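One structure below.
When reading the values below, keep in mind they use all heavy atoms of this one structure, side chains included, and skip hydrogens, waters and symmetry mates. Bear in mind the structure is a predicted one, so any value in this text is a computation, not a measurement. Chain letters run A, B, ... following the sequence lines, proteins first, then strands; residues in each count from 1.
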Amino acid sequence: MKTLWVILLDSYRMMNARKLFWVCIAMSLMVGLGYASVEFDETGYSIGFGMIHFENEFLTKGSPMAQWFYVMIFNEFFVKLWLGGGAILLAIVATASIFPELTKEGAIEVTLSKPVGRWTIFLAKFFGGCLFTFLQSLLFVTIVFIAVGLRVEVWNVTLFWAVPLVTFVFSMLFCVSALIGVMFRSEIFAIIGTLMLWCLSWSAQSFELIAYDLEVVKPNAGYKLNMQTAQLEKLPKGTKPKEPKLLPIAQVLEKPLPKTRAGAELLKRFIVFPDSGSGLESIDFESLRGGRSQSSVLQSMNKELNQRHSTAYVIWGSLAFITVILAIAGFLFVRKDY
Amino acid sequence: MSSPYVIDISNVRKTYSGGVEALRGVSLKVPRGEIFGLLGPNGAGKSTLIKILMTIIRASSCQGVMLGQPVGHKATLAKVGYLPEHVRFPEYLTGRQVIHYSAGLAGVPTRYAKKKTEELLEFVGMKTWAKKPMKTFSKGMKQRIGLAQALVNDPDIVFLDEPTDGVDPKGRKEMREALRELASEGRTVFVNSHLLGELEMICDSAAVMTQGEIVLQGSLSELIQSDGYTLSVEGDLSVDLQTKLERMQVKHENGELTVENKHLAQQLIDTLRASEVNILSMYKNKQSLEDMFLDAVEGMGPGAYQGESKKENKPNKEVVNKEVVS
Ligand SMILES: Nc1ncnc2c1ncn2[C@@H]1O[C@H](COP(=O)(O)OP(=O)(O)OP(=O)(O)O)[C@@H](O)[C@H]1O
Ligand SMILES: [Mg+2]
């Protein structure tokens, strides 16, 4: 226990010295406060704690529309861009130096000559990185929780699911950072390699999503996408769905990789807001921009698409990835002559 | 605790992944409570040996014990201190934090570690600098902090790999005194160094390693003893006698006659007495640690063992057989 504390303290000191610890915390704070700064009053809403005011007859204090709007911008911007992207990116950059610093020549000798097992050291360092992300997102979510409570009077504790989920997605990437850090002792390599894997897994998941959409969801619903016009066309009645061709390839690619995207999308499953009563629940930012609501067919197709993977699949699949990568990285660290 | 040796290892081998045979069957016994010096040319394998004992690298084979436990036993390291060669403590830590970190990982109770840290900072003369980060320290200052962190757990045995690297003369003297004090407390000090003069001043025993093998080990007094004798005589020697002595391979300088071993010494005495020369004194020769070292490593360049061809160049040294371990 004490060893863990000593190693965590050391990691903190390192990140603190690189200013990254506080930069990340400050960024989280700012984004959280940015969200909290949206206010509603009798005539409309304002951002920046009342700095810029917009007149709006629907988005007023206490209106169901305002509640829907406030939740919608959280889901659309803060979940997708921040929790599923920015916050994790920041955490990857901030924690990338943990393993290269640990294994630095001249410093590792002291650490290894102590009566502490190498697995303990390795896992404590890994745990430290995850703890950092946990705290960073806890801070953010707490601000959002209070903001939503104050602004639209919904005290939604399911928001806190974001903390373990974001940490989980982060750990899928951090294990890769650890592996590269242990292998090459380089922070830059760790960052680049991790981002490459993130892109790769994102692409594989997107490919699988598109393939599933085109080859399973749409034909099942009796539609096909016309590639020239990019319009949906109704298939003639009684057309049998074709055997998927791309999907098996996509699945082979997607299976072994961490489910970073699907993991972030779990946020939508876990964070549930009560119905605002505005009748706008199905409207998201895309349809808002397009100026039209989605047809019920599209909605049900989207629903099927989004639920093609069970929560268990996403979690266990990613856990398997983390376990394998951590085992390799840990094994290398434990076996290496320094 | 029954064994008089804190380190008793044999047949330690290490072949690095590149194929370098850094250690080729090292056997070593280090007596408790002594200052032990491990000498050897660059690349002989001294640091490799220490790193094996510190579990930093894995031996290809290793038999024997350290503090009564097999080498590689992690818990034993709680009673061991270590100052690595070319140590580079994290730059973001202050001097005090480095010592605390070391204490924390060694399992020293927090309150005791705090007290001990202050004592040690005083001891290595870094008290006023303790709050400054490592990156602002000179080489010698880092080395002083390094010594302090190696001692924070009150080790039974402390390994110092080139401890005086970068330390000024005053610091070296202080370090020597520090090591003596440690030894007087019953701790064993294991020093790797090239600075023979310095080792000579403090070591109780030593070993010489070249190309991954121990070629010589024993107590310092035994090591620096030579088989030779020196006789001083009264008056000048006749030309006749001088040529005779030359033939007997006796060195003659300022009225002192030197021979290489005791047999020659007897002959010399007989010859001198036959010529009625007065012998004023006779004593057994000592050599400096440096002479001993240079003798032991004669004909060997730096680096690890490079195969038989190099070994053949090595003069057949008697010194190899002069194992004087009790
Ligand atoms: N990590 C490594 N990989 C491969 N070879 C190594 C490694 N470390 C050391 N060696 C080789 O092992 C041999 C012994 O090295 P070691 O550092 O133990 O020597 P040393 O006696 O401490 O030398 P010095 O007095 O210069 O510090 C050298 O030939 C060196 O080239
Ligand atoms: Mg060395």
Side-chain angles (χ1 to χ4, degrees), chain A residues 1-23 94-125 128 132 181-183 185 187 331-338, chain B residues 14-18 22 47-48 50-60 69 73-94 97-110 113 133-135 142 146 149-150 152-153 155 158-159 161:
Chain A
M1 212 42 221
K2 180 162 180 221
T3 314
L4 180 66
W5 168 245
V6 172
I7 294 174
L8 289 181
L9 182 67
D10 180 57
S11 299
Y12 160 72
R13 280 178 174 151
M14 181 204 70
M15 286 165 72
N16 187 28
R18 293 166 164 248
K19 308 281 180 280
L20 279 169
F21 189 88
W22 293 109
V23 167
T95 55
S97 55
I98 289 182
F99 285 93
E101 276 286 341
L102 169 69
T103 53
K104 214 173 194 174
E105 217 179 321
I108 182 72
E109 285 91 338
V110 175
T111 307
L112 292 184
S113 70
K114 299 297 171 192
V116 181
R118 288 202 193 186
W119 275 107
T120 311
I121 296 168
F122 177 79
L123 291 175
K125 285 280 173 186
F132 166 74
V182 165
M183 279 168 74
R185 300 181 177 194
E187 186 181 342
F331 184 76
L332 288 179
F333 176 71
V334 168
R335 299 288 305 189
K336 196 160 175 167
D337 285 346
Y338 284 99
Chain B
K14 174 68 192 179
T15 307
Y16 279 108
S17 49
S47 299
T48 301
I50 291 195
K51 283 179 169 186
I52 286 173
L53 296 174
M54 293 297 101
T55 72
I56 293 162
I57 63 179
R58 208 176 279 260
S60 308
Q69 296 288 344
H73 184 253
K74 273 280 180 189
T76 308
L77 296 173
K79 289 190 241 107
V80 174
Y82 174 45
L83 170 60
E85 186 182 26
H86 312 306
V87 68
R88 278 204 340 236
F89 293 107
E91 307 221 305
Y92 49 84
L93 295 180
T94 65
Q97 285 170 347
V98 164
I99 305 174
H100 279 166
Y101 176 71
S102 177
L105 286 185
V108 181
T110 314
M134 290 306 281
K135 65 171 172 255
K142 287 178 188 161
Q149 66 78 35
V152 71
N153 55 339
V158 53
F159 291 86
D161 202 343

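- In terms of heavy-atom pairs under 4.5 Å with chain B, the best-connected choice from A:Gly117, A:Pro115, A:Gly106 is A:Pro115.
- Annotation: maximal heavy-atom pairing with chain A below 4.5 Å, among B:Asn153, B:Thr110, B:Leu83, occurs at B:Thr110.
- The most heavy-atom pairs under 4.5 Å with chain B, out of A:Thr111, A:Leu9, A:Ile121, come from A:Thr111.
- Geometrically, A:Lys19 does not engage A:Phe21 in a cation-pi contact defined by less than 6.0 Å to the ring centre and at most 45° from the axis.
- Residues A:Val110 and B:Gln149 form a side-chain contact, since some pair of their non-hydrogen atoms from C-beta on lies under 4.5 Å apart.
- Looking at B:Lys142, neither its backbone nor its side chain comes within 4.5 Å of chain A, counting heavy atoms on both sides.
- Proximity of B:Leu77 to A:Lys114: side-chain heavy atoms (C-beta onward) are nowhere separated by under 4.5 Å.
- Contact of B:Ala106 with chain A is made through backbone and side chain together, with heavy-atom distances under 4.5 Å.
- Residues B:Phe89 and B:Tyr101 fail the side-chain proximity criterion, which asks for heavy atoms closer than 4.5 Å.
- Two rings, from A:Phe99 and A:Phe122, have their centers less than 6.0 Å apart.
- For A:Trp119, the CH2 atom is densely surrounded, since the number of other residues' heavy atoms within 6.0 Å is greater than 12.
- At a cut-off of 3.5 Å, with distance as the only test, no side-chain donor of B:Thr76 or B:Gln69 sits close to an acceptor on the other residue.
- For the residue pair A:Ala107 and B:Arg88, the shortest heavy atom distance occurs at CB-O, 3.4 Å.
- With a 4.5 angstrom heavy-atom cutoff, B:Pro155 does not touch chain A via any of its atoms.
- Interface remark: of the candidates A:Glu105, A:Arg18, A:Met14, A:Met14 forms the most heavy-atom pairs closer than 4.5 Å to chain B.
- Against chain B, the residues from residues 331-338 of chain A that qualify, each with a non-hydrogen atom under 4.5 angstrom away, are A:Val334, A:Arg335, A:Lys336, A:Asp337, A:Tyr338 in number order.
- Considering B:Met54, B:His86, B:Lys51 in turn, B:Lys51 is the only one that fulfils the side chain to side chain contact (heavy atoms under 4.5 Å, CB included) rule with A:Glu109.
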